[in-house]
Amino acid sequence: MAAFDPWDPAFLADPYPAYAELRANGRVQYYEPTNQWLVPHHADVSALLRDRRLGRTYQHRFTHEDFGRTAPPAAHEPFHTLNDHGMLDLEPPDHTRIRRLVSKAFTPRTVEQLRPYVTRLAGELVDRLVAEGGGDLLTDVAEPLPVAVIAEMLGIPEADRAPLRPWSADICGMYELNPPEDVAARAVRASVEFSDYLRELIAERRKNPGDDLISGLIAAHDEGDRLTEQEMISTCVLLLNAGHEATVNATVNGWWALFRNPDQLAGLRADHSLVPRAVEELMRYDTPLQLFERWVLDEIEIDGTTIPRGAEIALLFGSANHDPATFPNPERLDLTRADNPHISFSAGIHYCIGAPLARIELAASMTAVLEKAPTLALAAEPQRKPNFVIRGLEGLSVEVM
């Protein structure tokens, strides 16, 4: 299993051959450097995402000691307080209660009402890129679009939005495998600053409610659907982080894949009706979230291997999305792929609540580029971020020919 090395730059550049080796070696394998059980096959990953013997947390049933785990360092407490009260890291009944409230803002009708705003904003961003003759697709288009959309939904004033992306990036650093102490320190600092900002904004919205999600959560609380202030803060941070991190990386990963597959890009430029399928295929082809973790709450067995309570399972989304048992010719980018059950948005009770909005954003930015910059070309070879779990690029330099 030498090929699987999430800290090796060669692996980070292209992890998919290593995944093929993992799949060939079996359905589950123990990986000592992270003390995790790796699950690389699509059928297993899909099933385990729905298996209630696994959980995103164990603290609703066990103490750290009961579970054979060590409590996080006290210095990391602000990050864990913020993270552990968001619905992504909660299990029922708390997860159910919070998700029910938040889902009201992500109904198909509500999300569809955002389409004109998303389309207009994507067009304006691409217009500016074209006017400049090119630029960085990451900072000029991919980042500002979803950040603005989720900030607008939450009711964060435009003047306050500059720190959102840096805070998010620092917090998300803790989701990498075995993050070093300097990464943890940045995550803690960002957690404190982001929480302090939201605490003030929530207090302001209590006095002067608006037509936004924060005001809606406050109103729901006052009407009896209880959210603690910490749950409200954690929910807002989660929505901001999850609401743009994957979309940003899916955008730049996708365009980098298109530039490397000129036949597919030419087909897309010739037929813009392929955009919806292209969005799904690009998310499969170079998955923005490569790994999702689960705790084993009750002993399970995978292919004759017993995984004990207290173990941690690493569900390899990137590998599952390249499993030839599910996807014919998985290493081929095929924008006409019709049967595409990728799991880039997860599955089960933690299925991405913002998936419909992410699809609208990805399609809007792709369509805007195709229509307004039909000759867009790569200006320089991009550099990969030195991350494994959250897969993205440092930037994507482009020019309008």
Side-chain angles (χ1 to χ4, degrees), residues 72-73 75-90 98 102 105 121 125 136 138-176 179-205 212-215 217 227-252 288-289 352-354 357-358 361 385-395:
H76 298 178
E77 182 271 330
F79 166 81
H80 289 287
T81 294
L82 180 64
N83 184 71
D84 295 352
H85 287 81
M87 61 182 172
L88 183 62
D89 280 80
L90 290 172
I98 297 173
V102 175
L121 183 55
L125 292 168
D136 184 350
L138 174 71
T139 57
D140 295 342
V141 177
E143 280 186 348
L145 176 63
V147 171
V149 172
I150 198 67
E152 194 75 17
M153 290 181 72
L154 288 169
I156 297 176
E158 200 163 337
D160 295 351
R161 295 176 186 176
L164 297 181
R165 175 65 172 161
W167 279 337
S168 174
D170 286 344
I171 290 169
C172 288
M174 280 290 270
Y175 302 135
E176 293 300 318
E181 192 51 45
D182 62 320
V183 170
R186 287 197 296 273
V188 166
R189 184 173 62 249
S191 298
V192 171
E193 292 174 359
F194 206 166
S195 296
D196 288 347
Y197 168 75
L198 285 169
R199 199 167 282 111
E200 291 180 9
L201 184 61
I202 289 167
E204 168 60 26
R205 287 291 179 272
D212 55 69
L213 182 51
I214 290 177
S215 299
L217 293 175
L227 256 72
T228 66
E229 183 174 73
Q230 184 59 59
E231 287 173 341
M232 207 175 295
I233 290 169
S234 296
T235 296
C236 291
V237 171
L238 171 63
L239 290 174
L240 189 280
N241 291 354
H244 81 272
E245 195 72 38
T247 308
V248 170
N249 292 321
T251 301
V252 292
L289 181 67
C352 178
I353 200 170
L357 179 58
E361 292 170 346
K385 286 185 175 179
N387 302 335
F388 165 53
V389 176
I390 299 175
R391 181 169 172 79
L393 301 174
E394 295 285 5

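Everything numeric here is computed off the predicted structure, so don't read it as measured data. Computation of the quantities below employed the complete heavy-atom set of this structure, encompassing side-chain atoms and omitting hydrogens, waters and symmetry-equivalent molecules.
In this structure, the salt bridge (Lys or Arg N to Asp or Glu O under 4.0 Å) partners of Asp89, at least two apart in sequence or on a different chain, are Arg56. With sequence neighbours excluded, no residue forms a side chain to side chain donor-acceptor pair (under 3.5 Å) with Glu200. Scanning for side chain to side chain donor-acceptor pair (under 3.5 Å) contacts around Asn83 gives Tyr175, with sequence neighbours left out. Taking the side chain to side chain donor-acceptor pair (under 3.5 Å) definition, one finds that Glu158 meets it with nothing, sequence neighbours left out. Legend: residues meeting side chain to side chain contact (heavy atoms under 4.5 Å, CB included) with Pro166, ordered by chain and number and at least two apart, are absent. Here Asp136 pairs with nothing under the salt bridge (Lys or Arg N to Asp or Glu O under 4.0 Å) rule; sequence neighbours left out. Applying the side chain to side chain donor-acceptor pair (under 3.5 Å) test to Ser234 and every residue at least two apart in sequence or in another chain returns Gln230. In this structure Ala148 satisfies the side chain to side chain contact (heavy atoms under 4.5 Å, CB included) test together with Tyr117, Leu121, Arg161, sequence neighbours excluded.
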Output side-chain donor-acceptor pairs under 3.5 Å for residues 387-394, partner residues at least two apart or in another chain, one line each.
{"from": "Arg391", "atom 1": "NE", "to": "Asp286", "atom 2": "OD1", "distance (Å)": "2.5"}
{"from": "Arg391", "atom 1": "NH1", "to": "Leu12", "atom 2": "O", "distance (Å)": "2.5"}
{"from": "Arg391", "atom 1": "NH2", "to": "Ala13", "atom 2": "O", "distance (Å)": "3.1"}

Only pairs under 3.5 Å count here: list side-chain donor-acceptor contacts from residues 245-252, not counting sequence neighbours, and write none if there are none.
{"from": "Glu245", "atom 1": "OE1", "to": "Arg165", "atom 2": "NH1", "distance (Å)": "3.0"}
{"from": "Glu245", "atom 1": "OE1", "to": "Ser168", "atom 2": "OG", "distance (Å)": "3.2"}
{"from": "Glu245", "atom 1": "OE2", "to": "Arg165", "atom 2": "NH1", "distance (Å)": "3.3"}
{"from": "Asn249", "atom 1": "ND2", "to": "Glu245", "atom 2": "O", "distance (Å)": "3.1"}
{"from": "Thr251", "atom 1": "OG1", "to": "Thr247", "atom 2": "O", "distance (Å)": "2.8"}

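Between Leu198 atom CG and Cys236 atom SG the span is 5.5 Å, to the nearest 0.5 Å. Separating the OG1 atom in Thr235 from the CG atom in Leu88 is a distance of 11.0 Å, to the nearest 0.5 Å. Between Ile98 atom CD1 and Thr228 atom OG1 the span is 7.0 Å, to the nearest 0.5 Å. In this structure, CD on Glu361 lies 10.5 Å from NE2 on His244, to the nearest 0.5 angstrom. Taken from CZ in Phe79 to CG in Asp84, the straight-line distance is 7.5 Å, to the nearest 0.5 Å. Leu201 contributes atom CG, which lies 7.5 Å from atom CG of Asp160 (distance to the nearest 0.5 angstrom).
Taking both residues in full, the closest heavy atoms of Pro144 and Asp140 are given as CG-O, 3.5 Å, listed atom of the first, atom of the second, then distance. Summarising the geometry of Leu82 relative to Ser195, their closest heavy-atom pair is CD1-OG, 3.6 Å, with the distance given to 0.1 Å. When all heavy atoms of Ser191 and Pro78 are compared, the pair lying nearest together is CB-O, 3.8 Å. Minimum heavy-atom separation, Ile353 to Leu239: CG2-CD2, 4.5 Å. Considering every non-hydrogen atom in both Ala190 and Ile171, the closest pair reads CB-CG1, 3.8 Å. In plain terms, the two heavy atoms of Val102 and Met87 that are nearest each other are CG1-CE, 4.1 Å.
Pairs of residues two or more places apart, or lying in two chains, that qualify as salt bridge (Lys or Arg N to Asp or Glu O under 4.0 Å) and include a residue from residues 227-236 are Arg97-Glu231, Arg199-Glu229. Residues in residues 233-244 take part in no salt bridge (Lys or Arg N to Asp or Glu O under 4.0 Å) pair, two or more places apart or across chains.
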Would Val237 and Trp167 count as a side-chain contact (heavy atoms from CB on, under 4.5 Å) here? Give the steps. CA-CA 9 Å; Val237 171; Trp167 279 337; over 6 Å; no
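Checking side-chain atoms of Arg205 against main-chain N and O of Gly155 turns up a donor-acceptor pair under 3.5 Å.
Residues Pro180 and Val183 are in side-chain contact: their nearest non-hydrogen atoms beyond the backbone lie under 4.5 Å apart.
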